[in-house]
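The block underneath contains the structure these notes are about, expressed in structure tokens.
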Amino acid sequence: MASLPREPREDAKKQSFWMPGNYVRTVHRTEQSYQACNDIVACFMERAKVEKQYAQQLSQWSSKWKSIVDSRPLYGSLMRAWQCFFSSTERLSALHNSISQSLIAEEGDRVKTWQRETFPKIIFCGFRESYDNNTSFSRAQKPWSKKLMKLEKARVAYHKSCQKEQTALEKEKQANENAEMSPGKKQKITDAREKATEEKQKVRRHCHYENMLEDATSYTPRYMEEMEAIFEQSQEEERKRISFLKQAFLSIHRHLDITNNESVKAVYSELHNTLMSISEQDDLKWWKNNHGPGMPTDWPKIDEWVPPVKKLNRKKRDQKGKESRPVMIGGVKVRALYDYTGEEGDELSFKAGEVFLKVEEEDDQGWCRGVLSGGKEGFYPANYVEIVE
């Protein structure tokens, strides 16, 4: 989970995992992984906020323009198509709002819970995994580090003797080239060179440089085996973390990937169908019938006179109802001369030409009682009918 190096290292050998103390990068990886979880949660909580803000903006846009469109002079299928954009937007707003809630309630809580369980801590020691790895690496590396320090001291001593020999060889060469130098002095320089060579050989062989190297080399396989075993344990823990976060990322992707969301497909499918249903002929026909030549019109014609209806005094009618009025046995057929719509519940309504029965004679207010063909009984104006011969 730690980021890969972006630049070449200055000294690959010194930076090697096997060199003393360089295992700390693996130890610190646990802390870096823990911080990565914090960053992931913060990152997608911010994305959840973006989704919520987008949902609010969609809803505000839809509400604003819906009220504007409703007041515009569009009509018919074109108006329905325009309005469909707003209903579709409201559904998309609800979808993005649900995405926001899912990122917070599901993914954010899920990663936080996993983080608490995966990174236990020890009081005053930090993360348990870091502490255990550091202890194990240090214990495994300690013997080899000691051998390496001894080897380094032997190497320094050997190289120092080599440098002395090289200096002696250069002096001897210069002395041999100098004709004026006495043979005795030349011999002293040669003796010094031979002594430096013997000292170098002594340091190499008798001061244990080769032995130290052999000792460190023979211990290296065991050192590598122990270090790799600890490293693999750390790798396994990191593998589990990578595996979990991979699944977390895939789950977040499922929330954010609306291209495969059936609700979104349905929204745009319905919108497309509504747009395709825009019909020039239907809209033009609607306009013609509601605002054009197709509108119903009362053309000038002879307006037949309709006798006025005397308003029925209901109190007087009720009083008369208590008195006996002549009832026609079987009734008399009458035909309506004009349309009449009853204004009260006990009045009949009929059309001109309709035939029904008069069952009671006209009262002093000009009203009769009749029965329609459907069986309804009630009052009607006497002067609106004629007796059928």
Side-chain angles (χ1 to χ4, degrees), residues 1-33 121-175 188-239:
M1 286 167 51
S3 60
L4 296 176
R6 297 181 179 179
E7 298 180 358
R9 297 165 180 170
E10 295 180 359
D11 189 336
K13 292 182 178 179
K14 290 183 179 180
Q15 294 294 329
S16 171
F17 166 79
W18 302 106
M19 292 296 101
N22 287 348
Y23 61 79
V24 295
R25 291 195 297 266
T26 300
V27 172
H28 291 161
R29 181 170 61 172
T30 303
E31 299 172 10
Q32 295 167 354
S33 298
K121 293 183 178 181
I122 303 177
I123 299 177
F124 306 123
C125 295
F127 296 106
R128 179 182 297 277
E129 181 182 333
S130 298
Y131 177 80
D132 292 343
N133 283 340
N134 187 68
T135 302
S136 299
F137 277 129
S138 177
R139 186 182 298 114
Q141 196 174 74
K142 188 175 182 179
W144 190 78
S145 295
K146 288 183 177 180
K147 296 179 183 298
L148 195 64
M149 290 176 63
K150 292 180 179 180
L151 178 63
E152 179 64 15
K153 288 182 180 180
R155 183 192 69 82
V156 170
Y158 173 66
H159 284 189
K160 188 175 181 180
S161 64
C162 290
Q163 181 64 39
K164 288 182 178 180
E165 181 192 33
Q166 181 64 31
T167 302
L169 286 171
E170 290 177 356
K171 286 184 178 181
E172 182 183 30
K173 181 180 179 182
Q174 292 174 359
K188 288 182 179 181
I189 293 175
T190 299
D191 292 342
R193 191 271 306 165
E194 291 177 351
K195 184 178 180 181
T197 300
E198 291 176 0
E199 183 68 21
K200 183 191 75 170
Q201 296 298 328
K202 180 181 178 181
V203 170
R204 181 182 179 96
R205 295 176 183 173
H206 303 292
C207 291
H208 311 299
Y209 180 42
E210 292 181 351
N211 293 338
M212 292 294 178
L213 178 60
E214 183 179 354
D215 185 34
T217 301
S218 63
Y219 187 78
T220 297
R222 177 182 172 181
Y223 165 63
M224 293 179 67
E225 180 181 357
E226 293 178 357
M227 291 289 283
E228 284 183 349
I230 302 167
F231 180 78
E232 288 304 319
Q233 292 178 1
S234 175
Q235 288 286 82
E236 177 60 20
E237 294 301 319
E238 184 72 1
R239 184 197 66 77

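Bear in mind that the values here come from a model prediction, so they are computed numbers and not experimental data.
- Applying the side chain to side chain donor-acceptor pair (under 3.5 Å) rule to E152 yields the partners R155; only residues at least two apart in sequence or on another chain are considered.
- A heavy-atom distance below 4.5 Å is found between the side chains of E170 and Q166.
- Atom OG1 in T26 sits 9.5 Å away from atom CD in Q32 (nearest 0.5 Å).
- From D215, atom CG reaches atom NZ of K146 across 13.0 Å, with rounding to the nearest 0.5 Å.
- Between S218 and P221, the shortest heavy-atom contact is O-CD, 3.3 Å.
- Taking OG1 of T197 as the start and NZ of K164 as the end, the distance is 13.0 Å to the nearest 0.5 Å.
- Under the rule for a side-chain contact (heavy atoms from CB on, under 4.5 Å), the partners of E199 that lie at least two apart in sequence or sit in another chain are K202, V203.
- Pairing each heavy atom of E129 with each of T30, the nearest pair is OE2-OG1, 3.2 Å.
- Taking each heavy atom of W144 and P20 in turn, the nearest pair found is CZ3-CD, 4.2 Å.
- Using a 4.5 Å heavy-atom cutoff, the side chains of Q233 and E237 are not in contact.
- Scanning all heavy atoms of the two residues, the minimum distance from M227 to A140 falls at SD-CB, 3.9 Å.
- For the side chain to side chain donor-acceptor pair (under 3.5 Å) condition, no pair includes a residue of residues 130-139, sequence neighbours left out.
- Summarising the geometry, atom CD belonging to E198 is positioned 10.5 Å from atom CD belonging to E165; distances are rounded to the nearest 0.5 Å.
- Annotation: side chain of I189 is not in contact with side chain of R193 (no heavy-atom distance under 4.5 Å).
- In this structure, the separation between CD on E210 and OG1 on T217 is 11.5 Å, given to the nearest 0.5 Å.
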>> For a side chain to side chain contact (heavy atoms under 4.5 Å, CB included) check, start with the C-alpha distance between Q163 and H159, then their side-chain angles and the critical distance, and finish with the verdict.
In response: CA-CA 6 Å; Q163 181 64 39; H159 284 189; over 6 Å; no
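- Not counting sequence neighbours, the partners of F137 by the ring-ring contact (aromatic ring centres under 6.0 Å, His included) test are F17, Y23.
- Here the shortest heavy-atom pairing between W18 and Q141 reads O-NE2, 3.7 Å.
- Pairing each heavy atom of C162 with each of K200, the nearest pair is SG-CD, 3.5 Å.
- The shortest side-chain heavy-atom distance between R25 and Q15 falls under the 4.5 Å cut-off.
- Annotation: side chain of E194 is in contact with side chain of T190 (closest heavy-atom distance under 4.5 Å).
- No side-chain heavy atom of K153 sits under 4.5 Å from any side-chain heavy atom of V156.
- Side chain of S234 to main chain of I230: no donor-acceptor pair is present (N/O by atom type, distance under 3.5 Å, no hydrogens or angles).
- The side chain to side chain donor-acceptor pair (under 3.5 Å) test applied to Q235 returns R29, not counting sequence neighbours.
- E236 meets the side-chain contact (heavy atoms from CB on, under 4.5 Å) test with R239, K240; sequence neighbours excluded.
- Rounded to the nearest 0.5 angstrom, M149 CE and M212 CE are separated by 12.0 Å.
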